[in-house]
Amino acid sequence: MREELNRQIDRALRGLLVEAGDQEDPPAFSLEVPRQSEHGDFSCNVAMLLAKRLKRKPREIATDLVARLGDAGGLVAAAEVAGPGFINIRLDASNWQSLVAQIIEQGGDFGRCDIGRGRKIQVEFVSANPTGPLSTGHGRQAVLGDCIARLFEKAGWDVTREYYFNDGGRQMRVLGESVKARYLEHLGLAAPPSAESLANPESSWVEAVDGRPVAFPKDGYQGDYIADIAKALADEHGEALVDEPGDGLFRETAQKEIFADIDATLESIGIHFDVHYNEKSLYDEGKLEQVIDDLRAKGLIYEADGAVWLAAEKLGFDRDRVVIKSSGEPTYLLPDIAYHREKFHRGFDRVVDVQGADHIEQFPYVRDAVAALGFDADRIELVMHQFVTITSDGQRVKQSTRKATFVTVDELVRDVGRDVFRFFMIERKPEGHLDFDLDLAKDRNWRKNPAYYVQYAHARTHGIERKAAEIGVAMPSPDGFDAGQLALPEEIELVRKLGEFPETVRRAAETRAPHHIAYYLRDMAGLWNPYVQDGQQHRVLSDDDALTAARLGLVLAVRTVLRSGLELLGLSAPERM
RNA sequence: GCCCCGGUAGCUCAGUAGGAUAGAGCGGCUGCCUUCUAAGCAGCGGGUCGGGGGUUCAAAUCCUCCCCGGGGCGCCA
C-alpha cells in the first residue's frame with residue numbers, strides 16, 4: 001500500500017520536475033504515518049524539500065502535486081495541502097478493509113520479510129563464564145539476544161544463536177581454587193592455609209571463618225553454590241581429594257555443574273543455543289598461534305618486557321595491548337580475536353555481538369584486529385546494553401557480585417514468571433539502563449502489568465470466539481466476510497495499526513531493537529482492549545450477520561498480529577487468562 | 001584526563017534517515033459493573049525535551065561548548 005503510494009507520488013513528482021525543466025532526480029522524500037489521524041493516513045514532505053530548488057513556495061508546489069496525484073485513482077480518497085506544505089493523503093477505506101483478509105490469509109507470515117535473503121547471521125550472546133548463576137544483567141542480555149535472533153529470522157536471515165564458552169584462562173582456575181578451599185573447610189582441614197595456597201600468589205588470601213583462619217583465593221567466588229559443590233565432592237570422595245590440585249577435578253566439577261545450572265536457567269526462560277563454542281578449542285587447535293603468526297606477518301606483533309604485544313597504535317588506538325602475558329598465558333584479547341576470525345571462516349555473512357557496557361572498550365580492538373587480518377569489519381556489529389537495577393517499594397535492591405548477594409535470574413523468574421520476566425527485560429532500549437520494577441512485575445493485575453495487558457488482549461480474541469461458538473456462530477474464512485462493514489473510525493484505526501506491523505518488524509530488525517515490538521504491542525492492545533470493552537457501541541456478535549462476520553474477521557486479524565508480536569518477544573499467547 | 005551510554009510528565013520510559021498541537025505506562029483525581037472477562041474502560045491534571053550557542057522553512061532529533069548520572073580506560077574477563 002505504502003509502496004504503491006510511493007510510486008504514484010514519484011510519478012507525479014517527475015512530471016512536475018519535467019515541466020519545470022529540472023533535470024535532477026527527485027529528492028528522497030518521506031512518507032510517514034502522521035501522529036494525528038486527522039492528518040490522514042500518510043503525510044508527505046516533498047514540497048518543502050523542493051521549495052528552495054524550484055524557488056517556489058512549498059504550499060504552491062504541494063498544490064500542483066495534489067492536482068497531478070488526482071489521476072491516481074482507486075488508491076487515494078483525498079489529498080490536501082496542510083500546514084507549511086505537507087501533502088496529507090487519505091486512502092480509500094477499501095484499502096484498509098481488504099488488509100483484514102490479507103492478514104488472516106497470511107497468518108504468521110504477515111510481517112515477515114526477506115531482507116536477509118537466506119544469508120547466514122550469527123548472534124552471539126550471554127557467553128557468561130561458568131563461575132556462578134546468571135545475574136539480572138545476563139538475563140537482560142539473554143532475552144535481548146534471543147529477541148534479536150527472532151527478529152532476524154522474521155526478516156529472512158539464517159540465524160545461528162551462539163554461546164561463547166570461556167573455559168580457558170585464569171578465571172576457571174580461581175573457580176577451582178575456590179571450590180577446593182571450601183572443600184578443605186568443610187572437612188575441617190582448612191586451617192592453617194595449605195602450602196599450595198601459600199605458594200600461589202593468587203591464593204594467598206586468608207579469610208576468617210568461625211574465628212579460624214581459612215585459605216581462600218584472592219578474588220575467589222564466595223557464593224553458597226561453591227560450598228554446595230564442595231560439600232558434594234566431600235560427600236562423594238571424603239578426604240581423598242586433599243592432594244588434588246584446584247585446577248583439576250575441582251575446577252572440572254564446578255564448571256560442569258555451574259554450566260548445567262546456567263543451561264537450566266536459560267531453558268526456563270525459553271532460550272536455546274544452536275552452538276556452544278569452546279574457548280579451549282581455540283587453544284587445542286592452534287588457532288591462537290595462527291593469529292599471532294598472521295598478525296606478526298602484518299607487522300602488528302612485537303615482544304617487550306617478556307610479553308607479546310599487539311601494536312594497536314598502528315591501527316589507530318592510543319595504546320598497544322598485551323596478547324600474551326609474560327607468564328606465557330594469553331590475555332582474553334587473543335582468543336577473542338581468533339574466535340571472531342573463526343566466525344568468518346565458518347561462513348557467516350554477518351556477525352552480531354551482544355555485550356554488556358563493561359565490555360564496550362574491548363570491542364574495537366577485536367574488530368580492528370580481525371579487519372587487519374583481511375576481513376570486512378563492518379560485518380561485525382555490536383549491540384551494547386547497560387545493566388539492570390531492581391526497584392522494589394521505590395528502593396533500589398542492593399546488588400553486589402563480589403558478595404554474591406546479587407539477584408539471580410532464577411529468583412526473578414520464580415517471582416514473576418517467564419513471560420513477565422522476558423517482557424520487562426526487553427521493554428527498554430538496549431543502550432539505556434533498565435530499571436526492573438519488581439512490584440509492578442509481580443502485580444497480577446492485567447490492567448497495570450503491561451505484559452499481561454498485551455496477553456489479555458490476545459486472550460480476548462479467544463473469549464469472543466468462545467462466545468461465538470456458544471451461540472452457534474462460526475469464525476469466517478478470509479473471503480467469508482465483507483470488510484467494507486468495518487466503517488467505524490475506531491475500526492479503521494485498528495486496521496491502520498495492524499497495517500503498521502510489517503514496518504515495525506522491519507525497523508526493529510534493522511536497528512536490532514526489539515523494544516519497538518513491545519511498544520507496538522502495547523499500542524495495539526491499547527486500541528483493542530477498549531474496543532472490546534466498549535461493547536455497547538459495537539458488539540462483535542450482533543443480530544446483523546454481515547457485520548458480525550466482518551467483526552469476527554477483525555478479531556482474527558488482531559489475534560494474528562498479537563500472536564506474531566508475542567512470538568517475536570518469546571512470550572506465550574494464552575487463549576484465556 | 002580520555003572514551004562509550006544516558007538526562008523527555010511526580011516515577012519508569014518511548015519518540016533521533018529533522019516535520020504539524022512532544023507520547024505511553026505507573027502513581028494522583030473524577031466517573032462507569034443487566035456487557036464478547038470490571039483482573040476492564042472513559043475522562044482530568046501533569047513538560048524551560050539537562051543548559052547555552054549554531055545549522056534549517058522546520059530541532060527532543062543534526063553540529064558545538066558546558067553541567068549532572070552510569071560504565072570503561074590492567075600482563076582481569
Side-chain angles (χ1 to χ4, degrees), chain A residues 28 30 32 34-36 38-39 43-45 48-49 51-52 57-58 82-86 88 127-129 131 166 168-172 174 219 279 304-309 317-319 321-333 335-336 356-364 382 384-387 389 391 394 427-437 439-440 443-450 452-453 456 459-468 470-471 511 515-516 518-520 522-523 526 529-536 538-542 551-552 555 576-577:
Chain A
S30 74
E32 44 186 54
R35 281 210 170 83
Q36 274 118 324
E38 306 86 72
H39 291 149
S43 180
C44 184
N45 68 344
M48 290 174 291
L49 296 175
K52 186 169 279 185
K57 293 191 177 111
F86 289 104
N88 290 339
S127 298
N129 297 344
T131 57
N166 278 267
R170 188 185 87 93
Q171 221 181 158
M172 298 314 295
V174 173
D219 301 326
E279 178 188 5
D305 305 327
V308 179
W309 293 74
F317 292 96
D318 52 10
R319 69 178 185 88
R321 300 292 307 266
V322 169
V323 286
I324 297 179
K325 301 185 248 180
S326 50
S327 66
E329 195 170 39
T331 62
Y332 71 91
L333 185 58
D336 249 23
D358 55 339
H359 282 232
I360 180 71
E361 195 87 9
Q362 319 308 332
F363 180 79
L382 175 68
M384 184 216 71
H385 68 92
Q386 292 284 349
F387 291 123
T389 52
T391 303
E427 206 188 1
R428 305 303 179 205
K429 66 179 168 197
E431 63 272 25
H433 280 106
L434 190 153
D435 189 74
F436 195 106
D437 184 339
D439 302 322
L440 183 61
D443 202 326
R444 311 299 290 183
N445 185 329
W446 301 333
R447 177 188 177 189
K448 293 181 184 169
N449 191 317
Y452 291 137
Y453 186 76
Y456 180 45
R460 277 181 140 159
T461 67
H462 284 275
I464 293 170
E465 178 168 349
R466 283 191 293 273
K467 187 72 178 184
E470 261 174 46
I471 60 175
T511 56
H515 71 283
H516 289 304
Y519 275 88
Y520 173 83
R522 286 173 68 152
D523 285 350
N529 279 331
Y531 180 82
V532 176
Q533 176 68 24
D534 199 12
Q536 297 108 321
H538 39 55
R539 277 188 80 73
V540 170
L541 304 167
S542 68
R551 286 179 173 166
L552 284 174
V555 167
R576 63 173 82 231
M577 294 175 74

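These numbers were taken from a predicted model, which means no experiment stands behind them. A, B, ... follow the sequence lines: proteins, then strands. Residue 1 opens every chain. The basis for the numbers below is simple: all heavy atoms, side chains too, and nothing from hydrogens, waters or symmetry mates.
The CG atom of A:L440 sits 18 Å away from the P atom of B:A39 (whole-angstrom rounding). Atom NZ in A:K52 sits about 12 Å away from atom P in B:U55, given to the nearest Å. Protein atom CZ of A:R321 is 14 Å distant from nucleotide atom P of B:G72, rounded to whole Å. The nearest whole Å value for the distance from the OH atom in A:Y519 to the C1' atom in B:U16 is 15 Å. Going from atom CG of A:N129 over to atom C1' of B:C76 covers 11 Å, rounded to whole Å. Straight-line distance from the CG atom of A:L434 to the C1' atom of B:C13: 10 Å, rounded to whole Å. Rounded to an integer number of Å, the gap from OH of A:Y453 to P of B:C26 is 8 Å. Taking atom CZ of A:F363 as the reference point, atom P of B:G72 lies 19 Å away to the nearest angstrom.
Pairing each heavy atom of A:F387 with each of A:D358, the nearest pair is CZ-OD1, 3.4 Å. The two residues A:Y332 and A:Q362 make their nearest non-hydrogen contact at OH-OE1, 2.6 Å. Contact between A:K325 and A:P330 at its shortest, heavy atoms only, is CE-O, 4.0 Å. Of all heavy-atom pairs spanning A:L440 and A:P450, the tightest one is CD2-CD, 4.2 Å. The two atoms that bring A:Y453 and A:R522 nearest to each other are CE2-O, 4.3 Å, heavy atoms only. Scanning both residues, A:Q386 and A:E431, for their nearest heavy atoms gives CG-O, 3.1 Å.
Within the nucleic acid shown, A:H462 has no heavy atom closer than 4.0 Å to any nucleic acid atom. Note on A:A82: a base of the nucleic acid sits closer than 4.0 angstrom, heavy atoms only. Here A:H516 lies in heavy-atom contact (under 4.0 Å) with sugar-phosphate atoms only. Using a 4.0 Å heavy-atom cutoff across all strands shown, A:T391 reaches no nucleic acid atom at all. Looking at heavy-atom distances under 4.0 Å, A:A357 makes contact with sugar-phosphate atoms alone, never a base.
Taking every side-chain heavy atom of A:M384 into account, B:C4 is the closest of B:C36, B:C4, B:A20. Between B:G15, B:U12, B:A77, one nucleotide has an atom nearer to the side chain of A:H515 than all others, and that is B:G15. Comparing B:C57, B:G27, B:U16 by their nearest atom to the side chain of A:K448 picks out B:G27. Closest to the A:R522 side chain, of the nucleotides B:C5, B:C36, B:A24, is B:A24. Comparing B:G6, B:C57, B:C73 by their closest approach to the side chain of A:R319 singles out B:C73. Checking B:G70, B:C26, B:A77 against every side-chain atom of A:N166, the shortest atom distance belongs to B:A77. Among the nucleotides B:C26, B:G15, B:C41, the one closest to any side-chain atom of A:K429 is B:G15. Listed nucleotides B:A20, B:C75, B:A77 differ in distance to A:D305; the shortest reach to its side chain belongs to B:C75. Distance from the side chain of A:P530 is smallest for B:A42 among the nucleotides B:A77, B:A38, B:A42. Nearest nucleotide to the A:N445 side chain, out of B:A39, B:G72, B:C36: B:A39.
Heavy-atom distances to RNA chain B give each of A:E329 and A:R428 a nearest nucleotide, and the one nearer the 5′ end belongs to A:R428. Looking at which nucleotide of RNA chain B each of A:D318 and A:K325 is closest to, the 5′-most match is held by A:D318.
If you check distances only, the side chain of A:T331 never reaches the base of B:C75 with a donor-acceptor pair under 3.5 Å. For A:S30 against B:A17, a side-chain-to-base donor-acceptor contact under 3.5 Å is absent. Judged by atom type and distance alone, A:N88 reaches the base of B:A20 through a side-chain donor-acceptor pair under 3.5 Å.
The same atom, C1', is picked in B:C65 and in B:G23; the two are 30 Å apart, to the nearest Å. B:G46 and B:G25 are spaced 14 Å apart, taking the C1' atom of each and rounding to whole Å. Only the C1' atoms considered, B:U8 is 9 Å distant from B:G15, to the nearest whole Å. Between B:C2 and B:C44, the distance separating the two P atoms is 49 Å to the nearest Å. Comparing the P positions of B:A42 and B:U48 gives an interatomic distance of 28 Å, to the nearest angstrom. Separation of the P atoms belonging to B:U61 and B:G19 is 10 Å when rounded to the nearest angstrom.
Taking syn as a glycosidic angle within 90° of 0, B:A60 does not qualify and is anti. In textbook terms, a nucleotide whose glycosidic angle is within 90° of 0 is syn, while B:C62, being further out, is anti.
Checking the phosphate oxygens (OP1, OP2) of B:G15, no side-chain nitrogen or oxygen of A:Y520 falls inside 4.0 Å. Under 4.0 angstrom from either OP1 or OP2 of B:A77 there lies no side-chain N or O belonging to A:Q362.
Between A:H39 and A:F86, the ring centre distance reaches or exceeds 6.0 Å.
More than 12 heavy atoms of other residues, nucleotides or ligands shown are found within 6.0 angstrom of CZ on A:R466.
Of the possible donor and acceptor atoms, one in the side chain of A:T331 sits under 3.5 Å from a partner among the backbone N and O of A:V322.
B:C44 is paired with B:G28 under the criterion used here, namely a Watson-Crick or G-U wobble arrangement in which both key atom distances are under 3.5 Å. A 3.5 Å limit on both hydrogen-bonding distances identifies no Watson-Crick or G-U partner for B:A38. In this structure, B:C2 and B:G72 make a Watson-Crick or G-U wobble pair, each of the two defining distances being under 3.5 angstrom.
Aromatic stacking of A:F86 on B:A20: satisfied, with centres closer than 5.5 Å and planes within an angle under 30 degrees. B:G6 has no stacking from A:H433 on its base ring, since the centres under 5.5 angstrom apart and planes within 30 degrees of parallel are not both found.
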